[in-house]
Structures are given as structure tokens and as C-alpha cells.
Amino acid sequence: MSSGTVIFVALILGVTVLGFFAARYHAANLSDVDEWALGGRSFGTIISWFLLGGDLYTAYTFIAVPALIFGVGALGFFAVPYVTVTYPIALIVMQKFYSIARERGYVTSADFVRDRFGDRSLEIAIAVTGVLATMPYIALQLAGMEAVFQQLGGAFAVSNGFIALLVAFVLLAAYTYTSGLRAPAMIAIVKDTLIYITVIAAIIIIPAKLGGWGAIFAKSSAALAAKTPPGDLLLKPGQYFAYATWALGSAFALFIYPHSVTSVLAAKSRDVIRRNAALLPLYSLLLGLLAMLGFCALAAGYVTKNNSSVIPMLITQFFPDWFAGVAKAAIVIGALVPAAIMAIGAANLFVSNIANGFSEARVHAEASRYKLLTVLFCIVALFLVKYLQPQYAIYFQLLGGAWMMQIIPAFVLSLWTRWFHPKALLIGWACAMIAATWMAVASGFKPNITFVIGGGSITGFLALYALAINIIVSALFTLVLRKAPSEAYQA
Amino acid sequence: MKGRAWYALLVLPFVGVLIPSFYNRAEPALFGIPFFYWYQLLWVIITGVLLAVVVYATRDTGDV
């Protein structure tokens with residue numbers, strides 16, 4: 001076994017042990033759902049920083065962003081303005097949601113919707129959306145792990161990495177079942193530390209070996225121009241709207257995913273959330289540097305149909321073997337953390353809002369069903385990895401993101417207004433879900449869709465179009481339903 | 001500034017990065033990095049600073 005592989009295995013085993021011991025952090029009765037699923041709502045600023053960072057910046061993110069840069073150039077850099085403007089949004093929205101959630105004992109976003117509007121159908125719609133959007137995301141984390149196992153070769157690559165993945169999955173399920181959210185919270189400390197070390201080392205070592213940024217961008221420009229279709233170092237004017245809407249729309253969606261809500265609700269106070277809104281942008285800088293590595297891959301002369309392989313390629317080519325072991329462990333652990341939180345988040349929604357409904361009596365419910373559902377969702381994700389072609393997982397993820405945005409009127413806007421009628425919100429949601437799905441299929445599952453209007457065409461983020469439809473339809477039906485004399489709805 | 005008015009600072013990042021026509025160019029480059037890229041990376045830092053200022057200045061103010 002090479003030194004890199006030894007280090008890799010040691011780190012993975014280390015975090016596994018940490019996952020089981022995590023139950024002892026602020027030890028409490030883990031059969032209480034607040035303790036198991038939300039860490040007892042006890043996490044301080046630093047733990048929350050690691051948890052949220054580990055949650056929002058997944059292995060998939062680290063592989064996919066450089067892959068996009070490698071594939072198309074400038075347009076792929078949308079991820080940077082995206083994770084820039086998401087924090088002002090997060091501050092405003094999440095500090096308000098946290099205050100209400102803490103007071104009313106919410107575990108999920110759908111809890112808020114049910115409590116606010118008293119409508120069971122709307123509650124289920126919101127919850128189902130969250131579960132559907134999360135499934136492909138978990139699958140992609142597992143797929144990312146599998147890709148690293150394939151790269152490691154030897155025993156790890158048996159069955160195309162699936163056996164190693166199965167082992168990792170069993171360990172993940174076991175310590176998540178035992179310790180709940182505390183497990184990914186503790187492991188996130190290791191994960192994020194490793195990721196920072198890896199990216200900082202990469203951004204120092206690799207550009208130096210490639211002759212500096214001037215040379216890197218010159219070679220990237222040529223490499224991008226040679227692709228089909230050709231990429232570019234700068235945007236074309238026809239891409240401006242797509243770039244801006246893709247960034248803005250994604251920024252709105254990030255914090256309303258079930259796993260983000262779960263991590264936010266685990267904080268011990270509103271101040272923890274506020275401080276993290278200011279501290280988390282450090283991860284955004286990390287992501288920016290990672291995106292720059294995509295150009296390094298172009299400059300290094302890689303030619304591949306599989307864009308997702310560029311980060312593993314860079315690691316293998318430019319790092320000494322032992323450090324490559326660290327980097328690969330960072331990616332695998334970088335998948336384990338969000339996979340665990342996403343499974344918990346999806347389970348929270350299913351048990352709290354689909355199988356049962358929100359009620360004040362449910363506060364401090366029994367955790368056993370949440371634990372079982374979490375494991376079940378991990379199993380479903382494993383099936384998706386095994387039987388769904390990777391390209392379809394990515395399509396599903398894209399669609400999931402567009403769907404996720406459609407809870408904004410009921411969940412986000414309704415933090416400030418009770419004006420919308422719940423049935424109107426339901427109709428708006430349904431129309432938007434259909435519109436988003438149709439647009440995704442029509443665009444070939446690209447995030448941006450082109451419409452031809454008059455003499456010209458406009459390309460924009462389809463999820464944002466669906467949200468616009470959502471708001472307009474919800475508003476129209478609210479006006480209609482509020483006027484109907486038979487409606488007994490009270491604001 | 002009074003309480004909630006500080007939040008208005010948070011409009012700046014949106015204006016800074018969501019209008020690509022403002023910054024879609026290669027010059028002036030910094031350490032060989034085209035303007036388009038280092039400008040957006042700079043805004044990550046600026047936004048972090050703005051958020052720190054706003055969070056501190058509004059520490060005793062309620063939600064927006």
C-alpha cells in the first residue's frame with residue numbers, strides 16, 4: 001500500500017470513530033428528536049461554522065465547479081457571485097426564521113408553513129419538494145466518493161468502487177443512526193480543515209508549477225477555444241442574463257434546502273446564525289480558488305470527456321503521494337458530511353410533515369422513526385448511485401434545485417406576510433413545479449433556457465422563471481380566493 | 001446610521017456582481033489574472049467585510 005493510501009484509510013477510519021464518539025458532545029438523551037436531529041439546538045458559532053461549511057460546500061461542489069470551468073470557461077464562474085450574494089440573503093431570511101422556529105419548536109421548513117397557514121396539503125407539498133430535491137443530491141455525494149475509490153485502485157476499485165462505497169455507506173449509516181446530527185458536526189471539523197489545507201496547498205503549488213497565472217490563462221484560452229462547443233475566458237453579451245440569474249437564483253435556493261435548514265436550526269442562538277452569515281464567506285473564497293484550479297487543469301493540457309475527473313487528475317499529477325492521500329480523504333469525507341445531514345434533513349421532513357403533521361404536541365417527539373428514515377434515505381440514494389446513470393443523477397439534481405426554489409413563496413416570503421392564501425400557494429407551487437419540469441426537459445436539462453422573443457433570444461435561469469410563475473399565480477389566486485364569499489379564511 | 005438602515009449596505013454586493021457587463025473584461029489584469037476573475041474574488045472579500053459590519057452594527061436591532 002502506498003503512503004497516500006495509508007493516510008487515506010487512517011483518516012477515513014479516524015472520522016468513523018469520531019462519528020460514534022460524537023454522541024458524547026453535549027451528551028443528552030438521543031431518543032429525543034430535538035437532540036438527535038438538531039443536536040439539541042446547542043451548537044455555538046464555531047461548530048456551526050464547521051457544520052454549515054461542511055453542509056453547504058459538498059464534495060459534489062468541489063468536483064463540479066472546477067469541472068464546469070474546465071468545460072466551458074467563464075460561465076462556470078457563476079458559482080462565485082452565487083456564493084457571494086447568498087449570504088446577505090441568508091442573514092435576512094435565516095435570522096428571522098430562526099427566531100420564529102426556536103419559539104415554536106420547528107424542526108423543518110414545512111413546520112413553519114403548517115403552523116402559519118394551517119393547511120395540510122400545502123405542508124405535504126413543501127415537504128415532498130424538499131425530499132425529492134435532496135435525493136439526487138445525496139446520490140451525487142455517494143457518486144463522488146465512488147469516483148475517488150475508483151481512482152485509488154486496488155481493493156478500493158473492486159466492482160468499480162461500489163464495494164468500498166458500500167463499506168463507507170454502512171459506517172456512515174451506523175454512526176449517523178447512533179449520534180444523529182452530532183456526527184456530521186464533529187466530522188465536519190476534520191473535513192473542513194482538510195479541504196482548506198488541500199485547496200490552499202493546491203493554489204500555491206499548482207500555479208507555480210504551471211508557470212504563473214499569466215501563462216495559465218493564456219493556455220486556458222487556447223484549450224477552451226479548441227473545445228466543441230468552444231468555451232471562453234470571458235462572457236459573451238448573450239450570456240450576461242444567464243450568468244446573473246443563475247447566480248441569483250441559486251443564491252436564493254441554497255439555504256432553503258432541508259439540510260441547510262437542519263443545520264441552521266441546530267444553532268444555539270440567533271446570534272450564532274448572524275455571526276456565521278459574516279464568517280461563512282471565507283468558504284466562498286475557498287470556492288473561488290477552487291474554480292481557478294479549473295483553469296490550471298486546462299493549462300495542464302488535460303483532455304477528457306469526463307470533466308468531473310479534473311480535480312482528481314490535478315491531485316494525482318501535482319501532489320506527492322502522501323498528500324494526495326490527504327486530498328482524496330478530504331473529498332470522501334467531504335461527501336460523508338453532507339450526505340449524513342441531507343439524509344437527516346429529508347428524514348425530518350418525511351416523518352414530521354408527510355407521515356405526520358406539525359403540531360405543538362409533537363415538540364420533543366421520539367427519535368426512532370427519524371433514525372430509521374435517515375438510514376432508509378441513504379439506502380435509496382445508494383440504489384440511485386448503482387442503477388441510475390451518472391448523467392441522469394446530474395439532471396435529477398438540476399431539476400431538484402429548480403423544484404426547491406418553489407417553496408420560496410410559502411416558506412420565505414411568508415416570513416414577512418400572511419397575505420397569500422394557502423390554497424393559492426398550493427396552486428402556484430403546482431404550476432411552478434410543472435413549468436420547471438417542462439423547461440428542464442425542453443432545455444435538455446441545462447440550467448439556463450433560451451426563449452426566442454421577437455427578433456432576439458434571451459437565455460436565463462429556468463428556476464427563476466418558474467419562481468416568477470409561482471409568485472404571479474399565487475398572487476392571482478389569492479386575490480380570487482379572498483374575494484370568494486364562501487371562504488372562511490382568516491388572515 | 002440608525003438600526004435597520006445598516007442593512008441597506010447589503011445591496012452593494014448585488015450591484016457589484018450581478019451586472020456582468022460592468023466587469024466582463026480582461027484588463028487590468030492582476031498577477032496575470034484577468035479582471036473578470038479577480039474582481040469577483042475581491043467582491044467575496046468585500047461582502048464578508050460588509051456582512052461583519054452589518055452584523056455588528058445591528059447586534060441590538062431586531063429582524064428586518
Side-chain angles (χ1 to χ4, degrees), chain A residues 74 77-78 80-85 87-93 95-100 207 211-218 221 233-237 239-245 247-248 251 270-271 274-289 291-292 295 415-416, chain B:
Chain A
F77 210 68
F78 90 96
V80 176
Y82 153 24
V83 298
T84 301
V85 302
Y87 290 108
I89 297 172
L91 175 65
I92 305 284
V93 176
Q95 69 178 358
K96 194 167 183 89
F97 174 61
Y98 184 89
S99 307
I100 305 177
W213 289 109
I216 291 171
F217 278 100
S221 185
L233 281 185
L234 292 177
L235 298 174
K236 302 184 202 21
Q239 292 174 314
Y240 290 165
F241 191 65
Y243 192 79
T245 52
L248 183 64
R270 178 176 167 271
D271 277 339
R274 284 166 49 82
R275 279 181 226 126
N276 271 296
L279 295 170
L280 286 166
L282 203 55
Y283 285 93
S284 304
L285 194 57
L286 191 72
L287 188 67
L289 296 177
M292 303 293 279
F295 290 110
L415 285 168
W416 283 277
Chain B
M1 267 204 269
K2 233 195 82 166
R4 289 190 193 150
W6 283 98
Y7 286 108
L9 279 179
L10 297 179
V11 173
L12 292 172
F14 292 85
V15 176
V17 302
L18 292 181
I19 311 177
S21 52
F22 280 178
Y23 56 87
N24 186 39
R25 57 181 168 281
E27 297 299 327
L30 189 65
F31 305 125
I33 302 174
F35 182 73
F36 179 80
Y37 297 97
W38 69 257
Y39 174 87
Q40 291 178 82
L41 289 173
L42 183 63
W43 265 102
V44 175
I45 300 173
I46 295 174
T47 304
V49 172
L50 283 175
L51 280 161
V53 167
V54 170
V55 168
Y56 181 74
T58 58
R59 65 194 178 284
D60 296 319
T61 316
D63 297 327
V64 170

Let me see the working for B:Leu10 and B:Leu51 under side-chain contact (heavy atoms from CB on, under 4.5 Å), right down to the final yes or no.
-> CA-CA 7 Å; B:Leu10 297 179; B:Leu51 280 161; 3.7 Å; yes
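Between chain A and the residues B:Thr58, B:Val54, B:Val49, the largest count of heavy-atom pairs under 4.5 Å involves B:Thr58. Options A:Met292, A:Arg274, A:Arg270 differ in how many heavy-atom pairs under 4.5 Å they form with chain B, and the most are formed by A:Arg274. With chain A as partner, the option from B:Gly32, B:Ala52, B:Gly48 having the largest number of non-hydrogen pairs under 4.5 angstrom is B:Gly32. Across B:Phe36, B:Tyr56, B:Phe31, the residue that shares the most heavy-atom pairs under 4.5 angstrom with chain A is B:Phe36. Heavy-atom pairs under 4.5 Å with chain B peak, among A:Val93, A:Val83, A:Ile92, A:Leu289, at A:Ile92.
Interface remark: A:Ala218 contributes no atoms to any contact with chain B (heavy atom separation under 4.5 Å). For a residue to count as touching a neighbouring chain, one of its non-hydrogen atoms must lie under 4.5 Å from one of that chain's; by this rule A:Tyr87 touches chain B with backbone and side chain alike. For A:Ser284, the parts lying under 4.5 angstrom from a heavy atom of chain B are both the backbone and the side chain. Heavy-atom distances place no part of B:Ile19 under 4.5 Å from chain A, backbone and side chain included. Looking at A:Leu235, both its backbone and its side chain come within 4.5 Å of chain B, counting heavy atoms on both sides. Only the side chain of A:Leu91 comes within less than 4.5 Å of a heavy atom in chain B; its backbone stays farther off. Contact of B:Thr47 with chain A is made through the side chain alone, with heavy-atom distances under 4.5 Å. Using a 4.5 Å cut-off between heavy atoms, B:Tyr23 contacts chain A through its side chain alone, with no backbone atom that close. Contacts between A:Phe217 and chain B at a heavy-atom distance below 4.5 Å involve the side chain alone, from C-beta outward. A:Phe295 touches chain B through its side chain: at least one heavy atom from C-beta onward sits under 4.5 Å away, while N, CA, C and O do not. Interface remark: B:Phe35 contributes no atoms to any contact with chain A (heavy atom separation under 4.5 Å).
Looking at every heavy atom in both residues, A:Val85 comes nearest to B:Val17 through CG1-CG2, 3.7 Å. Considering every non-hydrogen atom in both B:Arg4 and B:Thr61, the closest pair reads CG-CG2, 3.6 Å. When all heavy atoms of B:Pro13 and B:Trp43 are compared, the closest pair comes out as CA-CZ3, 3.6 Å.
For the pair B:Trp38 (side chain) and B:Pro28 (backbone), a donor-acceptor distance under 3.5 Å is present. The backbone N or O of B:Leu30 sits nowhere less than 3.5 Å from a side-chain atom of A:Trp213 that would complete a donor-acceptor pair. With B:Tyr7 contributing its side chain and B:Asp63 its backbone, the two residues share no donor-acceptor pair below 3.5 Å.
In this pair, A:Phe77 and B:Tyr37 present their aromatic rings perpendicular. The plane angle is above 60°, beyond the 30 to 60° band.
Atoms CZ and CG, on A:Phe78 and A:Leu248 in that order, are 12.0 Å from each other to the nearest 0.5 Å. Distance check: A:Thr84 OG1 to A:Leu287 CG gives 9.0 Å after rounding to the nearest 0.5 Å.
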